[in-house]
Amino acid sequence: MEALLVRKLGDPTLPPNASENSSLDLSTSHPIPNLESPTSVRVRIKAASLNFANYLQVLGKYQEKPPLPFIPGSDYSGVVEVVGPNVTKFKIGDLVCSFVTLGSFAQFIVADESDLFQVPDGCDLVAAGALPVAYGTSHVALVHRAQLRPKQVLLVLGAAGGVGISAVQIGKVCGATVIAVARGNEKVQFLKSLGVDHAVDLSSANVIESVKGFLKSRKLKGVDVLYDPVWGKLTKDSLKLLNCGAQILVIGFASGEVPVIPANIALVKNWTIHGLYWGSYKIHQPNVLGDSLKELLAWLSKGLITVNISHTFSLTEAHLAFTALKDRRAIGKVMITFDGGKIVKSKL
């Protein structure tokens with residue numbers, strides 16, 4: 001099978017196999033994984049999502065550092081190809097999605113049936129492959145941790161990225177007043193099409209002045225929940241907009257800067273700071289992840305949320321996918337698709 005291997009840590013934007021400097025190696029004869037237990041299922045992958053964590057992992061800058069070589073990739077969707085003798089939840093031909101720590105940038109993957117989720121009728125399979133990590137992160141953060149309520153004010157930084165757009169949509173489903181922050185008119189116009197209550201274009205506006213003006217026009221005191229996958233100076237400015245008793249969701253550090261939140265201000269303002277490492281829930285609270293993804297798939301099937309696929313690439317173009325992510329050209333999700341995104345039955 002085709003699989004993308006990380007032979008050494010480094011820049012994933014270099015073409016696979018191009019030179020000795022390439023960190024990626026595209027294999028066309030990687031062994032197809034065998035079933036590991038009576039309840040195992042082999043899935044032919046249709047689409048795999050590229051997340052910022054995958055980029056950091058190839059660079060060697062992620063908190064988890066797997067031994068080399070490894071196949072990167074986390075959330076995915078596909079078609080059930082083979083089932084173990086004790087599998088009861090799925091049959092050959094079922095459409096499923098899931099997530100793993102490693103391994104989805106390949107044509108096939110094996111998972112236990114307990115880790116797979118049925119994709120509801122009417123859901124686009126590529127969209128389902130983009131759902132678990134980005135939308136799962138925002139759902140656990142906003143619904144489970146912050147317990148976002150109707151009429152609360154939600155401020156989303158990096159709102160045009162994969163997790164940002166998911167936070168915007170989930171915020172609207174929860175009934176919050178959503179303020180979205182992004183850079184560039186194209187991104188801002190897209191966010192407005194999602195129904196945000198206010199959008200800030202960082203290329204032409206000051207976040208403090210823009211948000212304060214909006215809050216004043218709505219007779220609102222301040223921001224109740226800050227969703228932040230960016231950090232850096234933008235975060236420092238945004239802290240000035242928070243209400244007393246506000247909640248801060250620490251999602252990631254796309255800016256590359258890990259700042260220190262002034263503990264004295266957090267004390268005086270009664271702020272709650274939530275660190276959110278979504279992947280650790282798989283180990284510590286797997287039921288939270290399972291319930292979250294089931295609700296998200298139900299929302300997707302009902303049209304309450306949509307997944308914007310910004311770019312799709314084949315496995316041979318994986319370096320271009322990483323480049324689109326690195327350069328922040330994407331509005332929404334960057335995907336790796338197999339067989340041109342079509343559902344193809346294996347001849348094996």
Side-chain angles (χ1 to χ4, degrees), residues 1-19 21-30 43-59 62 69-79 95-109 119 123-135 158 160-166 184 186-187 190 254 306-344 346:
M1 70 172 182
E2 284 190 351
L4 192 70
L5 300 174
V6 178
R7 297 288 188 188
K8 68 175 184 177
L9 301 178
D11 185 0
T13 65
L14 297 176
N17 312 350
S19 70
N21 295 322
S22 299
S23 60
L24 303 179
D25 178 15
L26 181 62
S27 172
T28 57
S29 57
H30 198 75
V43 177
R44 185 182 183 102
I45 294 178
K46 178 186 179 182
S49 172
L50 178 59
N51 300 289
F52 194 66
N54 306 130
Y55 174 69
L56 293 176
Q57 205 163 46
V58 179
L59 287 175
Y62 195 58
F70 63 87
I71 299 174
S74 43
D75 39 353
Y76 65 91
S77 61
V79 183
L95 306 184
V96 295
C97 67
S98 189
F99 55 91
V100 286
T101 304
L102 297 167
S104 69
F105 288 178
Q107 283 183 298
F108 294 94
I109 196 166
V119 176
C123 286
D124 179 77
L125 196 55
V126 176
L131 198 73
V133 173
Y135 282 77
V163 291
I165 288 175
S166 68
E186 183 183 3
K187 293 179 179 180
F190 176 77
T306 58
V307 180
N308 189 64
I309 307 298
S310 181
H311 296 73
T312 59
F313 298 93
S314 67
L315 202 61
T316 59
E317 301 169 321
H319 62 293
L320 300 177
F322 280 104
T323 300
L325 190 74
K326 176 185 177 184
D327 294 346
R328 300 181 185 177
R329 298 202 308 266
I331 301 177
K333 293 296 298 177
V334 177
M335 303 294 292
I336 302 292
T337 59
F338 296 82
D339 304 312
K342 300 176 182 178
I343 299 174
V344 178
S346 173

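Residues: numbered from 1 along the sequence shown. Every heavy atom of this structure was used, including side-chain atoms; hydrogens, water molecules and symmetry mates were not.
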To the nearest 0.5 Å, what is the distance between [atom1] ([X]) and [atom2] ([Y])?
X      : Y      : atom1 : atom2 : value
Ile165 : Tyr135 : CD1   : OH    : 6.5 Å
Tyr62  : Thr101 : OH    : OG1   : 8.5 Å
Leu50  : Ser310 : CG    : OG    : 11.5 Å
Ser49  : Ile309 : OG    : CD1   : 7.5 Å
Ser27  : Met1   : OG    : CE    : 8.0 Å
Leu56  : Leu325 : CG    : CG    : 9.0 Å

Between [X] and [Y], which heavy-atom pair has the shortest distance, and what is it?
X      : Y      : answer
Pro15  : His319 : CA-CG, 3.6 Å
Ser104 : Ser74  : OG-N, 2.9 Å
Ser23  : Asp11  : OG-O, 3.2 Å
Pro12  : Leu24  : O-CD1, 3.4 Å
Lys333 : Val307 : CG-CG1, 4.2 Å
Leu102 : Ile71  : CB-O, 3.4 Å

Residue list, side chain to side chain donor-acceptor pair (under 3.5 Å) with Ser166, at least two apart or on another chain: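 Here the qualifying residues are Ser138.
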Test log, rule side-chain hydrogen bond (donor to acceptor under 3.5 Å, both in side chains), inputs Asp75 and Asn51: CA-CA 9 Å; Asp75 39 353; Asn51 300 289; 3.0 Å; yes
A side-chain contact here means heavy atoms from C-beta on lying under 4.5 Å apart; do [X] and [Y] qualify?
X      : Y     : result
Val163 : Phe52 : no
Val6   : Gln57 : no
Val79  : Lys46 : no

His311 and Phe313 aromatic ring geometry - parallel, tilted or perpendicular at 30°/60° bounds: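 Aromatic pair Phe313/His311 classed parallel.
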Ring-plane angle category for Phe105 and Phe322, please: parallel below 30°, perpendicular beyond 60°, tilted otherwise.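 Aromatic pair Phe105/Phe322 classed perpendicular.
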Donor-acceptor check, side chain of [X] to backbone of [Y], threshold 3.5 angstrom: yes or no?
X      : Y      : value
Glu2   : Gln107 : no
Thr337 : Ala47  : no
Asn308 : Ile331 : yes

With Asp124 via salt bridge (Lys or Arg N to Asp or Glu O under 4.0 Å) - residues at least two apart: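 Salt bridge (Lys or Arg N to Asp or Glu O under 4.0 Å) list for Asp124, sorted by chain: empty.
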